[in-house]
Amino acid sequence: MEIFNFENLKYFFMLVLYVLAIIGPLLVAVAFLTYLERKVIALVQYRKGPNVVGFFGLLQPFADGVKLFSKETIIPASSSKLIFVLAPMISFSLSLIAWSVIPVSENLVLSDINVGILYLFAVSSLSIYGIIMAGWASNSKYAFLGALRSAAQMVSYEVSIGFVIVTVLLCVGSLNLSNIVLAQKGCWYVFPLFPMFVVFVISALAETNRAPFDLPEDESALVAGYFTEYSSMLFAMFFLGEYSAMILMSSLGTILFLGGWLPPFDNELFNAIPSFIWFFLKVGLLLFIFLWVRATLPRFRYDQLMRLGWKVFLPLSLLWVILTATFLIFFGLLPNYES
């Protein structure tokens, strides 16, 4: 049996093109998300924001990228050099590979696997390893404390996100992300499961270390957190990974609660718009919430962050799972569950 025949090569190159078609627009979206964030915060604070480099400052993200990638990479002499370099690579890679199962439209998904939601949950859980490695390998107390904070924070809020996902899965009966979207044709889950949507959005803020839960980057106590010792391209990888994670969590929220690529109303006018446009509009709405919250709320204390996760969100999400299951059983609405 020939391994490198024409069909295998054709499949390989098609797969590479699919991957590039996902990674390329994603990196551009991450670049312009930084621009959008600075513009939104500037509007809230009655400033102009980036407006010099390019028309309306649109080339500012590329100028920042050139600056970061042209700076010298400094590796501390007392650091564990191999782990120090590997940590941002792991964080950046994990933020990209999760996109392989995200359905942008009904026919636009790289791998439509039956356990897509478990794959996403597993990848998001692994992202903590890059942060722990960075904090430990830096051989700096500030970086290490930032990494420990981030680890505790992510573990705390992943439990709540897990129960939120279970609530949605009870209503759908499938772990396939496309099936979750199609199950919302009659009604988006944001309406019957609104408390869980709120828990998910707040937990996503904590999961991605975004304000007001950016305790791992507490500059008043930790200088800059787990990436204190990083510079140049290695710092840029953490930066890109964080913003890519924001887009990923917004996409997951869109799939779970906002009907994915489905239009708000099933009529000719809305159906004429390409489905992926609806998906990106909903993701943009959730990203705006991320930016709006950062510009509005002050940073929490660490004990408040932990109390909210373990004493408020965990009991609330567990209670909602029980109430949802009871409602579905009582009214005979349980779907036929698939693997």
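With hydrogens and angles ignored, the 3.5 Å screen pairs a side-chain donor or acceptor of K39 with a backbone N or O of P50. Panel note: side chain Q184, backbone I255; a donor-acceptor pair is recorded below 3.5 Å. Checked by atom type and distance alone, the side chain of K185 never pairs as donor or acceptor with a backbone atom of V181 at under 3.5 Å.
Side-chain polar atoms of D64 and T34 form no donor-acceptor pair below 3.5 angstrom.
Residues passing the side chain to side chain contact (heavy atoms under 4.5 Å, CB included) test with W99, sequence neighbours excluded: I22, L26, I102, S244, I247, L248, S251. Residues that satisfy the side chain to side chain contact (heavy atoms under 4.5 Å, CB included) test with P315, not counting sequence neighbours, are absent from this structure. Residues forming a side chain to side chain donor-acceptor pair (under 3.5 Å) with S156 (at least two apart in sequence, or on another chain): W310. E207 is linked by a side chain to side chain donor-acceptor pair (under 3.5 Å) to nothing, counting only residues two or more places apart in sequence or in another chain. Scored by the side chain to side chain contact (heavy atoms under 4.5 Å, CB included) test, L108 finds V104, S105 as partners (sequence neighbours excluded). Under the side chain to side chain contact (heavy atoms under 4.5 Å, CB included) criterion, K67 pairs with K71, sequence neighbours left out. Residues forming a side chain to side chain donor-acceptor pair (under 3.5 Å) with D112 (at least two apart in sequence, or on another chain): N176, S178. For Q45, the side chain to side chain donor-acceptor pair (under 3.5 Å) partners at least two apart in sequence or on another chain are R47.
In the hydrophobic clustering of this structure, M237 does not group with V66; members are Ile, Leu, Val, Met, Phe, Trp, Tyr whose side-chain heavy atoms approach within less than 4.5 Å, directly or through other members. Hydrophobic clustering (side-chain heavy atoms under 4.5 Å, transitive across Ile, Leu, Val, Met, Phe, Trp, Tyr) keeps I74 apart from M89. Placement of V198 and V201 within a single hydrophobic cluster is found when ILVMFWY residues are connected by side-chain heavy-atom separations under 4.5 Å, directly or transitively. L240 and V28 are not part of a single hydrophobic cluster, where members link through side-chain heavy atoms under 4.5 Å apart. No continuous path of ILVMFWY side-chain contacts below 4.5 Å connects F300 to V155, so the two sit in separate hydrophobic clusters.
Residue F32 qualifies as enclosed at atom CZ: its count of foreign heavy atoms under 6.0 Å is above 12.
Between F56 and Y35, the distance from one ring center to the other does not fall under 6.0 angstrom. Centroid-to-centroid, the aromatic rings of Y226 and F238 come within less than 6.0 Å.
The shortest distance between side-chain heavy atoms of M233 and L68 does not fall below 4.5 Å. Using a 4.5 Å heavy-atom threshold, the side chains of N209 and F213 count as separate. R38 is listed as a side-chain neighbour of Q60, based on a closest heavy-atom distance under 4.5 Å. The shortest distance between side-chain heavy atoms of F194 and V199 does not fall below 4.5 Å. Using a 4.5 Å heavy-atom threshold, the side chains of V168 and M196 count as separate. Looking only at side-chain heavy atoms (C-beta outward), I180 and L175 stay at 4.5 Å or farther from each other. Inter-residue side-chain proximity for P335 and C171 is flagged as unmet; no heavy-atom pair is nearer than 4.5 Å.
What you find for E229 and S138 is that their closest heavy atoms are CG-CB, 3.7 Å. The two residues A204 and I161 have their closest heavy-atom pair at N-CD1, 4.3 Å. Smallest separation of non-hydrogen atoms from A151 and I132: CB-CD1, 3.6 Å. For the residue pair C187 and P192, the shortest heavy atom distance occurs at SG-CD, 3.9 Å. Across every non-hydrogen atom of S95 and F92, the tightest pair is OG-O, 2.6 Å. For the residue pair G135 and A147, the shortest heavy atom distance occurs at CA-CB, 3.7 Å.
Taken to the nearest 0.5 Å, the CG atom of L169 stands 12.5 Å off from the CZ atom of F163. F197 CZ to I202 CD1: the interatomic distance, rounded to the nearest 0.5 Å, is 10.5 Å. Rounding to the nearest 0.5 angstrom, the gap separating the CG atom in L170 from the CG atom in L333 is 12.0 Å. One distance of note links CG of N51 with NZ of K48; it measures 6.0 Å at 0.5 Å rounding. Note that CG of L256 and CD1 of I165 are 6.0 Å apart. Values are rounded to the nearest 0.5 Å. Interatomic distance, CG of N139 versus OG of S78, reported as 4.0 Å (0.5 Å rounding).
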Quick one: side chains of residues 118-127, donor-acceptor pairs under 3.5 Å with protein atoms, not counting sequence neighbours, listed by atom name and distance.
unit_1 : atom_1 : unit_2 : atom_2 : d
Y119   : OH     : I97    : O      : 2.9
Y119   : OH     : S100   : OG     : 3.3
S124   : OG     : L120   : O      : 3.2
S124   : OG     : F121   : O      : 2.9
S125   : OG     : F121   : O      : 2.8
S125   : OG     : E158   : OE1    : 3.2
S127   : OG     : S124   : O      : 2.6

Report all side-chain donor-acceptor pairs from residues 278-296 shorter than 3.5 Å, counting only partners two or more places apart or in another chain.
unit_1 : atom_1 : unit_2 : atom_2 : d
W278   : NE1    : F270   : O      : 3.2
K282   : NZ     : L258   : O      : 2.7
K282   : NZ     : G260   : O      : 3.0
K282   : NZ     : L262   : O      : 2.4
R294   : NH1    : E37    : OE2    : 2.6
T296   : OG1    : W292   : O      : 2.6

Dump the intermediate steps for side-chain contact (heavy atoms from CB on, under 4.5 Å) on T73 and Y230, then the final yes or no. CA-CA 8 Å; T73 300; Y230 283 87; over 6 Å; no

F62 vs L59, side-chain contact (heavy atoms from CB on, under 4.5 Å): CA-CA, chis, key distance, verdict: CA-CA 5 Å; F62 301 104; L59 297 180; 4.0 Å; yes

Step by step, would you call Y189 with F257 a ring pair (Phe, Tyr, Trp, His ring centres under 6.0 Å)? CA-CA 5 Å; Y189 289 146; F257 294 101; 7.7 Å; no

Assess whether side-chain contact (heavy atoms from CB on, under 4.5 Å) is satisfied between F84 and L234, documenting all intermediate values. CA-CA 9 Å; F84 185 86; L234 297 179; 4.1 Å; yes

Would W320 and T324 count as a side-chain contact (heavy atoms from CB on, under 4.5 Å) if you check the C-alpha gap in whole Å, the side-chain angles of each, and the deciding distance to 0.1 Å? CA-CA 6 Å; W320 206 265; T324 302; 3.4 Å; yes

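Here side chain to side chain donor-acceptor pair (under 3.5 Å) pairs that include residues 259-273, with residues two or more places apart or in two chains, are D266-N271. Residue pairs meeting the salt bridge (Lys or Arg N to Asp or Glu O under 4.0 Å) criterion with at least one member in residues 230-251, sequence neighbours excluded: R210-E242.
Between D214 and R149, no side-chain nitrogen of the basic residue sits less than 4.0 Å from a carboxylate oxygen of the acidic one, so the salt-bridge criterion is not met.
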